[in-house]
Amino acid sequence: MAQQLQRKNQTLHCSASLHSNPTLPRKDELPVHGVSEKVIGVLGGGQLGRMLCQAASKLAIKIAILDPLVNCPASSLAYYHMVGNFDDSTTVQKFAKRCDVLTVEIEHVDVATLEILEQQGIDCQPRASTIRIIQDKYLQKVHFSQHGIPLPEFMQIDDLEGAKKAGDLFGYPLMVKSRRLAYDGRGNAVAKSAEELSSAIFALDGFERGLYVEKWAPFVKELSVVIARCRDNSMSCYPVVETIHKENICHIVKAPASVSWEIKNLATDVAYKAVSSLEGAGIFAVELFLTEDGQILLNEVAPRPHNSGHHTIESCKTSQFEQHLRAVLGLPLGDPSMITPAAIMYNILGEEEGEPGFYIANQLMQRALSISGAFVHWYNKPEMRKQRKMGHITIVGRSMSAVENLLSSTLDEASEKPAVEPRVGIIMGSDSDFPVMRDAAKVLDTFGVPYEIKIVSAHRTPHWMFSYASSAQERGIQIIIAGAGGAAHLPGMVASLTPLPVIGVPVRASTLDGIDSLLSIVQMPRGVPVATVAINNATNAGLLAVRMLGVADVDLLSRMSQFQEDTKKNVLRKAEKLEKDGWDLQ
């Protein structure tokens with residue numbers, strides 16, 4: 001009835017304006033029901049398409065997929081599934097007519113058809129020009145080289161003689177690569193000598209698809225940077241991650257990468273420059289090499305959501321999949337920052353063919369489901385094959401050490417659940433300091449904060465002190481409480497070796513009543529801060545550590561508030577007793 005009344009009012013309004021020239025609202029002025037009413041067409045319905053559909057469901061965005069498999073991973077979640085090949089021109093053109101925006105979950109599509117569709121006014125994101133560059137890895141190298149982006153040296157080869165010349169020029173080992181259809185371990189072969197060139201070329205099916213070679217990059221780590229680029233060319237960058245490969249297939253992703261701030265900035269700059277040279281909106285994953293001498297070299301770029309960004313579903317404010325949808329639709333980009341200190345992603349790869357492989361994967365996922373902070377993703381692929389990506393597990397936690405230990409216990413059937421990792425390190429120069437320092441431990445016990453106690457002497461065991469301080473952050477320690485008497489060098493020396501906060505406890509020695517210890521700790525040079533409490537007051541050091549941890553731990557903050565309330569009530573009870581019984585309480 002309300003709708004009838006609304007229509008009636010609209011009619012009366014129009015008839016009353018006899019001298020006006022009423023027009024229908026423009027298409028861009030029509031009310032939008034929801035975030036977007038556009039249908040996004042995705043070429044490909046594999047695991048990336050599936051996770052795009054999962055992200056889309058949260059925003060009620062419609063995803064149509066084109067995939068030849070009736071039961072492909074994205075099929076059950078898609079708004080519409082057209083069964084057909086995404087490299088067939090007629091099928092792609094027919095599919096595109098049912099979509100408002102066309103994107104890809106795999107770059108190995110018929111780019112000539114995308115170019116035709118763009119000429120017909122179809123909105124393709126990223127642009128066909130980008131797909132053409134990316135799907136031919138040799139052209140990709142040429143393109144980025146022309147834009148001044150650092151790369152390993154490379155050369156096209158057309159025959160065995162050309163490959164031998166490249167080997168003479170670049171040396172061995174030599175990376176031989178297919179120009180096309182190279183992903184998930186396919187299309188790469190290493191020749192360790194000139195004698196191995198023939199077998200490497202044979203392994204890549206010869207020269208039919210085109211080959212090129214790269215000079216071996218002596219990398220110490222492989223990194224990846226996922227960048228979102230919106231339709232207005234604005235960009236948003238996810239934290240740099242480390243990728244660990246086995247047999248050229250991504251095996252583990254660590255977020256964030258354990259590299260210096262300088263390296264992170266350099267990697268991000270190279271990634272921004274690479275993506276800026278391409279056209280179109282969406283997610284781009286930039287794979288990089290970190291070399292022994294600190295250089296960042298571009299390996300390759302994927303113009304779509306990427307394996308190195310799967311962790312973002314749980315570890316970041318906006319997942320790479322939601323970000324891709326936002327970008328191609330022209331919606332505001334989300335915040336890519338991490339919401340957890342550390343995350344690790346493990347690919348569930350087929351270990352055996354058929355049912356035995358399904359059983360092994362099931363047992364692994366069962367163990368993962370019992371781990372706090374672990375998230376299991378199963379792609380629901382109907383066929384199990386060796387080395388095929390069947391799913392992934394993401395584990396989030398407060399430190400890389402913690403999530404690595406959880407992953408290890410998940411992978412090892414016989415492993416017991418790992419012990420709770422300490423958050424606070426209590427150290428002292430001698431066991432004679434323990435009667436004082438155990439008060440800090442008592443406080444931490446009260447608040448349920450796990451800790452470790454070590455004897456670490458700045459003067460008698462300097463190498464052990466160096467090792468302890470340098471590794472503390474990596475092991476998951478968040479705060480160090482260091483007690484020292486006399487010269488009291490321990491807190492300052494440790495603070496100079498770690499980025500973690502250090503709380504110094506001056507311990508009263510046999511002479512000078514601890515004044516020497518206090519003055520030594522508070523007189524640290526600029527740039528090496530050490531928080532300090534009163535002489536022998538390890539209790540306050542423990543309480544200060546709890547407050548510092550509470551900044552990012554609402555449970556601890558709540559317990560600290562309760563501690564303060566209980567302290568206040570205790571004082572008020574004593575005051576009431578004094579008021580009632582008088583000052584002579586004996």
Side-chain angles (χ1 to χ4, degrees), residues 40-57 63-88 91 95 103-109 181-187 243-253 283 285 302 304-314 319-321 324 344-369 374-395 407 410-411:
I40 299 177
V42 181
L43 300 182
Q47 65 262 26
L48 300 180
R50 179 182 179 86
M51 288 181 274
L52 280 171
C53 289
Q54 290 170 335
S57 67
I63 300 287
I65 61 169
L66 174 62
D67 195 276
L69 293 178
V70 175
N71 56 349
C72 67
S75 180
S76 62
L77 302 177
Y79 169 72
Y80 170 73
H81 176 196
M82 177 182 282
V83 179
N85 290 314
F86 43 74
D87 57 359
D88 178 76
T91 304
F95 175 72
T103 189
V104 300
E105 67 122 43
I106 184 169
E107 56 267 35
H108 305 295
V109 298
L181 301 175
Y183 63 99
D184 283 354
R186 306 176 185 90
T243 59
I244 298 171
H245 292 73
K246 284 188 177 180
E247 298 180 20
N248 294 316
I249 299 176
C250 183
H251 180 59
I252 287 173
V253 175
I283 282 287
R304 52 168 171 77
H306 190 256
N307 203 164
S308 66
H310 290 356
H311 71 94
T312 62
I313 298 173
E314 286 84 25
S319 78
Q320 66 162 344
F321 298 100
H324 185 74
I344 193 165
M345 191 284 304
Y346 175 84
N347 271 330
I348 303 174
L349 302 176
E351 295 188 34
E352 297 290 345
E353 303 283 333
E355 290 304 317
F358 278 116
Y359 176 79
I360 294 171
N362 175 267
Q363 294 300 297
L364 172 62
M365 291 187 289
Q366 291 286 344
R367 293 194 296 274
L369 289 171
F375 300 85
V376 175
H377 296 259
W378 182 247
Y379 304 150
N380 205 30
K381 293 181 178 180
E383 184 182 353
M384 172 69 75
R385 296 195 299 267
K386 276 191 174 184
Q387 296 298 92
R388 190 183 196 192
K389 292 178 180 176
M390 302 300 293
H392 74 266
I393 298 166
T394 297
I395 303 176
L407 178 60
T410 303
L411 299 178

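Just the heavy atoms: all of them, side chains too, but no hydrogens, waters or symmetry mates, feed the values below. Keep in mind that this is a model prediction, so the values were computed, not measured.
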So, for [X] and [Y], which heavy atoms are closest and what is the spacing to 0.1 Å?
X      : Y      : answer
Pro68  : Asn85  : CB-OD1, 3.2 Å
Ala74  : Gly49  : CB-C, 3.6 Å
Thr243 : Ser308 : CG2-CB, 3.9 Å
Phe86  : Leu66  : CD2-O, 3.6 Å
Ile63  : Ala56  : CG1-CB, 3.5 Å

Treating [X] as the side-chain partner and [Y] as the backbone partner, does any N or O pair qualify as donor plus acceptor under 3.5 Å?
X      : Y      : result
Asp88  : Thr91  : yes
Thr394 : Phe375 : no
His324 : Ile283 : yes
Gln320 : His306 : yes
Asp67  : Leu69  : yes
Ser57  : Gln54  : yes
Glu105 : Val42  : no
Arg304 : Ile106 : no
Lys381 : Gly46  : no

Euclidean distance, [Y] [atom2] relative to [X] [atom1], rounded to 0.5 Å:
X      : Y      : atom1 : atom2 : answer
Leu407 : Arg367 : CG    : CZ    : 10.5 Å
Met345 : Thr312 : CE    : OG1   : 10.5 Å
Ile393 : Met365 : CD1   : CE    : 7.5 Å
Ile65  : His81  : CD1   : NE2   : 4.5 Å
Leu77  : Leu52  : CG    : CG    : 11.0 Å
Asn347 : Ile249 : CG    : CD1   : 9.0 Å

Report summary line: By ring-ring contact (aromatic ring centres under 6.0 Å, His included), Tyr346 pairs with (sequence neighbours left out) His251

**Report entry** With sequence neighbours excluded, residues passing ring-ring contact (aromatic ring centres under 6.0 Å, His included) with Phe95
**Finding:** none

Query raised in the report: Heavy-atom count around Tyr80 OH within 6.0 Å, excluding the residue itself: above 12?
Result: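 Yes, because the 6.0 Å sphere around OH of Tyr80 holds more than 12 heavy atoms from other groups.
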
Query raised in the report: How about Phe358: does its CZ atom have over 12 heavy atoms from other parts shown lying under 6.0 Å from it?
Result: yes

Query - Close side-chain approach of Lys386 and Glu351, heavy atoms under 4.5 Å - result: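 Not touching, per the 4.5 Å side-chain cut-off.
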
Query raised in the report: Does the side chain of Glu353 reach to within under 4.5 Å of the side chain of Met384, using non-hydrogen atoms?
Result: no

Query - Those residues that, when tested against Gln366, pass side-chain contact (heavy atoms from CB on, under 4.5 Å) (two or more places apart) - result: Asn362

Requested in this report: Verify side chain to side chain contact (heavy atoms under 4.5 Å, CB included) between His377 and Arg50, making sure each step is shown before the conclusion.
Outcome: CA-CA 11 Å; His377 296 259; Arg50 179 182 179 86; over 6 Å; no

Requested in this report: Check step by step if side chain to side chain contact (heavy atoms under 4.5 Å, CB included) holds for Ile348 and Leu364.
Outcome: CA-CA 9 Å; Ile348 303 174; Leu364 172 62; 4.1 Å; yes

Report task. Using the six-membered ring wherever Trp is involved, compare the ring planes of Tyr379 and His310 and label them parallel, tilted or perpendicular (cut-offs 30° and 60°). Result -> perpendicular

